[in-house]
2 protein chains.
Amino acid sequence: MPEQRPHGSVWFRADERPARPRLSRERIVTAAIELLDAEGVEGFSMRRLAARLHAGTMSLYSYVATKEDVLDLALDAVMDEIELDGEDAPPKHWRADLTGQLVQSRRVMQRHTWITALIGTRPLLGPTSLARSERFYAALERAGLSGPELVAAVSTLFSYVHGYVAAENVWRSRVGTREDELDLRRRAQRHVVAHADRYPALARNAGLDRVGPGPDGGADLGGAGLGDADPGDADFGDAAFGDGFARGLDLILDGIEAALGRGTVRGAP
Amino acid sequence: MPEQRPHGSVWFRADERPARPRLSRERIVTAAIELLDAEGVEGFSMRRLAARLHAGTMSLYSYVATKEDVLDLALDAVMDEIELDGEDAPPKHWRADLTGQLVQSRRVMQRHTWITALIGTRPLLGPTSLARSERFYAALERAGLSGPELVAAVSTLFSYVHGYVAAENVWRSRVGTREDELDLRRRAQRHVVAHADRYPALARNAGLDRVGPGPDGGADLGGAGLGDADPGDADFGDAAFGDGFARGLDLILDGIEAALGRGTVRGAP
DNA sequence: ACGGATTTCCGTACAGTGCACGAAAGGCGG
DNA sequence: CCGCCTTTCGTGCACTGTACGGAAATCCGT
C-alpha cells in the first residue's frame, strides 16, 4: 500500500513531520554497534538496522554506501572505548603502559565479540584505530626501540592480543549465553579426554587454563579453569594475574626487554 | 519443467545412470576448498558449490547438515596440508621443531586466505586440528614445560601466528589480485604519511617492514618492504629471515627459552 | 522376473538478504 | 503560490540457506 492518502489522514496529527535529517552517520553507527552487540555479526542486516532506527531500509544508503561501510565505521567507532587514561597519570614505565593498553584492548574485544570476527576481514585504517596504533608506536619508541625491531615488536604484541582474544571469543561467538559457552568448552574437553590415546599430551593438559587455539586454530579446550572475569567490568586493570593472557604477554615483554638490554632485537642470523 | 519424460528420452543413451552415491562428503569438501580458494569466503554458497559438482543444490544436504558444517569440514581438511616432515628426520631441537611447524602453518594460511577469516568464527575441534595441536603440545613438553606454563606457551605461539597471518591476509582478502594488494598498502601508507601531524610515530615507521596490525586491528601499513615471498611455494622453510614474522617468533621463543632457564615461566607476581 | 523398499537425487518454494531505481513528501527561497 | 532541493523510502531484482516432498535408480526378497 504505497500511501494511498497524502500522508495517512489521521484527524489529530499533532506535531509529526519532524523535519530535517532524522538520520545521520553517527546515529547509524551507534545503532549498528548496538545491533552487533545484540545479534552478532551474522545477525546483522541492513533491514534490521533500519528497523532499529524506525527508518526505511534504503534511507541508510544516503549516509553510507554499503553494508561493509557500516561495519568499517562501527569497528573504528568502537575502538575508542579503549580508555587511554590520558593526561592525569604521569608517563608510566613503558612496560606498564603497554600492558595497560593491551589489557584495555582485550576488555573491549571481550565486550564486543564481533570485533575479532571483523578484524580478520578488513584492514583497520579509521582515525581511531590509527590513533591507537600511534600511541602504541610512541610508547615503544620511548622504550628505546626503532626501525625494524620496533615494527616487529608492535606487530608481535598486536598479533598476540588479536589472536588470543579471537580464540577466547570463538567459544561464545554463537548466540551463546554464558551457559552455552561453558557447555561447549566442557564438551570439547570431554571429547579430547575420551580420545586420550590419540591426543595424550592434549588430554594431559586439558582444563588447565583458559587456553586459546591458534594458527591452525588449535585445540585447547579451556576448562573454565579460572575462567575470565566478567568481560564487563571486572578489575584486572593491572594485568599480571593468573590467566593465560597475562602470562603470555609477560613472556613477550620479557623477550622485548631482553632484546633491549642486548641493544638489538636479535636480527636474523 | 519437472522431467516430463522418464529421463529425457534420447535414443542413444549410452551407459548413463552412473549408479550409486555420486556424491560424498569427501568430494564435497574437496570442491568446497577449491571454491573457497577461488571465490573467498563471501563468494562461497551452497548453490555455487553444487554447481561445481554438477549436482543439484539440495543433494548436498544428504551429506551435510548445514553450510556451516561444510565450512567446518573444509577448515579441518585443509589443515593437513601442514606437512610435519614426519619420521625420516631425527627429532630436531624443540626450537627448530616449533619454528618449522609454525612456518608451515603460516604458509598454509597464506595459501588459503579464507582460513584466517574462518578461524575467528569457530573453535577448531576436528581430528586434523587436534592432531596438529597434539604435536605442538608434545614438542613443548619435550622442551621441559608443563602445567600452566606449557599452556601459556602454546597459547601465546598459536595466538601470535594466527594474529600475524590474519593481519597479513587482511590486505588481500578482497578478490584482490596481488596488484590490488600492493595498491591498497601503498594507499594506506600514503594516507598515514599525509597525516604525519596526527600520527608522527606511525609515519616515521611506515613502510619499514611488512608489519601487521593487531588487537584493535592496528595500523601498520606495510610498505611492501620486502613483501612476503609468494605464498604459493616460496622456500622459506628455514624461517629466520628478514621478515617480521620470524623476528616476532624469535622474540617469543627467546622469552620461552629464558623462562626455561629460570625454571618457571614467570608466574604472576 | 518382478514388485516393493531403500537410497540417492533434486525441483520448487519460502523467508530472508544487499542494494538500484525512482517516486514521494517535507522544508526552503522567491 | 510556485519551483527546488533535501531527505526519506516502496518496490523490484538477483541472490542466499534450507524445508519439503516427489522422482528416479538401485537393491533385495521372492
Side-chain angles (χ1 to χ4, degrees), chain A residues 1-10 13-28 31-32 35-36 39-74 121-122 174-175, chain B residues 1-10 13-28 31-32 35-36 39-74 121-122 174-175:
Chain A
M1 85 193 50
E3 217 76 2
Q4 54 245 80
R5 274 146 326 152
H7 186 257
S9 128
V10 202
R13 189 73 56 75
D15 58 341
E16 301 196 31
R17 298 304 100 229
R20 298 311 271 293
R22 292 201 314 113
L23 260 39
S24 74
R25 231 169 217 229
E26 212 187 311
R27 259 168 64 62
I28 291 178
L35 181 55
L36 283 165
E39 308 280 359
V41 66
E42 79 278 16
F44 177 89
S45 85
M46 293 303 267
R47 283 196 239 263
R48 284 238 251 272
L49 178 54
R52 211 165 245 267
L53 289 160
H54 306 294
T57 310
M58 293 316 288
S59 306
L60 306 180
Y61 285 90
S62 320
Y63 298 88
V64 145
T66 68
K67 178 191 184 184
E68 291 300 290
D69 278 10
V70 180
L71 294 176
D72 281 339
L73 290 169
T121 272
R122 70 202 69 234
R174 289 275 148 248
V175 275
Chain B
M1 91 196 43
E3 217 78 2
Q4 55 246 77
R5 267 134 349 137
H7 184 256
S9 124
V10 202
R13 187 74 58 73
D15 57 341
E16 300 195 29
R17 298 306 100 224
R20 294 317 268 288
R22 291 202 313 112
L23 260 40
S24 74
R25 233 169 216 232
E26 212 187 312
R27 260 168 63 62
I28 291 178
L35 181 55
L36 283 165
E39 308 280 358
V41 65
E42 78 277 17
F44 177 89
S45 85
M46 292 304 268
R47 283 197 238 264
R48 285 237 251 271
L49 178 54
R52 211 165 245 266
L53 290 160
H54 306 295
T57 310
M58 292 315 289
S59 305
L60 307 180
Y61 284 90
S62 319
Y63 298 88
V64 143
T66 68
K67 178 190 183 183
E68 290 300 290
D69 278 11
V70 180
L71 294 177
D72 280 340
L73 290 169
T121 271
R122 70 202 69 232
R174 288 277 147 246
V175 274

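Heavy atoms only: backbone and side chains are in, while hydrogens, waters and symmetry mates are out. The structure presented is a predicted model; accordingly, all values stated were derived computationally and were not measured. First the proteins, then the strands, lettered A, B, ... as listed; each starts at 1.
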Rounded off to whole Å, could you give me the [atom1]-to-[atom2] distance for the [X] and [N] pair?
X: A/I28; N: D/dT8; atom1: CD1; atom2: C1'; answer: 12 Å
X: B/E42; N: D/dG17; atom1: CD; atom2: P; answer: 13 Å
X: A/R47; N: C/dG16; atom1: CZ; atom2: C1'; answer: 7 Å
X: B/L35; N: D/dT16; atom1: CG; atom2: C1'; answer: 14 Å
X: B/R48; N: D/dA14; atom1: CZ; atom2: C1'; answer: 12 Å
X: A/M46; N: D/dT8; atom1: CE; atom2: P; answer: 14 Å
X: A/L49; N: C/dC19; atom1: CG; atom2: P; answer: 12 Å
X: A/R25; N: D/dT8; atom1: CZ; atom2: P; answer: 14 Å

### Task
Indicate, with a heavy-atom threshold strictly under 4.0 Å, whether A/A50 touches base, sugar-phosphate, or nothing.
nothing
### Message
Using the side-chain heavy atoms of A/R22, tell me which of these nucleotides is nearest: C/dG18, D/dC9, C/dC9.
### Response
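Given the options C/dG18, D/dC9, C/dC9, the side chain of A/R22 is closest to D/dC9.
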### Task
Tell me which nucleotide among C/dT17, C/dC9, D/dT16 gets nearest to the side chain of A/K67.
C/dT17
From [atom1] ([X]) to [atom2] ([Y]), nearest 0.5 Å:
X: B/E26; Y: B/L73; atom1: CD; atom2: CG; value: 11.5 Å
X: A/R122; Y: A/D72; atom1: CZ; atom2: CG; value: 4.5 Å
X: B/I28; Y: B/L23; atom1: CD1; atom2: CG; value: 4.5 Å
X: A/L60; Y: A/D69; atom1: CG; atom2: CG; value: 12.0 Å
X: A/R48; Y: A/L36; atom1: CZ; atom2: CG; value: 11.0 Å
X: B/R22; Y: B/R27; atom1: CZ; atom2: CZ; value: 6.5 Å

### Task
Could you tell me whether the side chain of A/R47 and the main chain of A/T57 form a donor-acceptor pair under 3.5 Å?
no
### Query
How far does the helix from C/dC2-D/dG29 to C/dG30-D/dC1 bend, going by the axes of its first and last five pairs, to the nearest 10°?
20°
### Query
Listed in order of residue number, which residues of residues 57-66 of chain A have a non-hydrogen atom at under 4.0 Å from DNA chain C?
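The answer is A/M58, A/Y61, A/T66.
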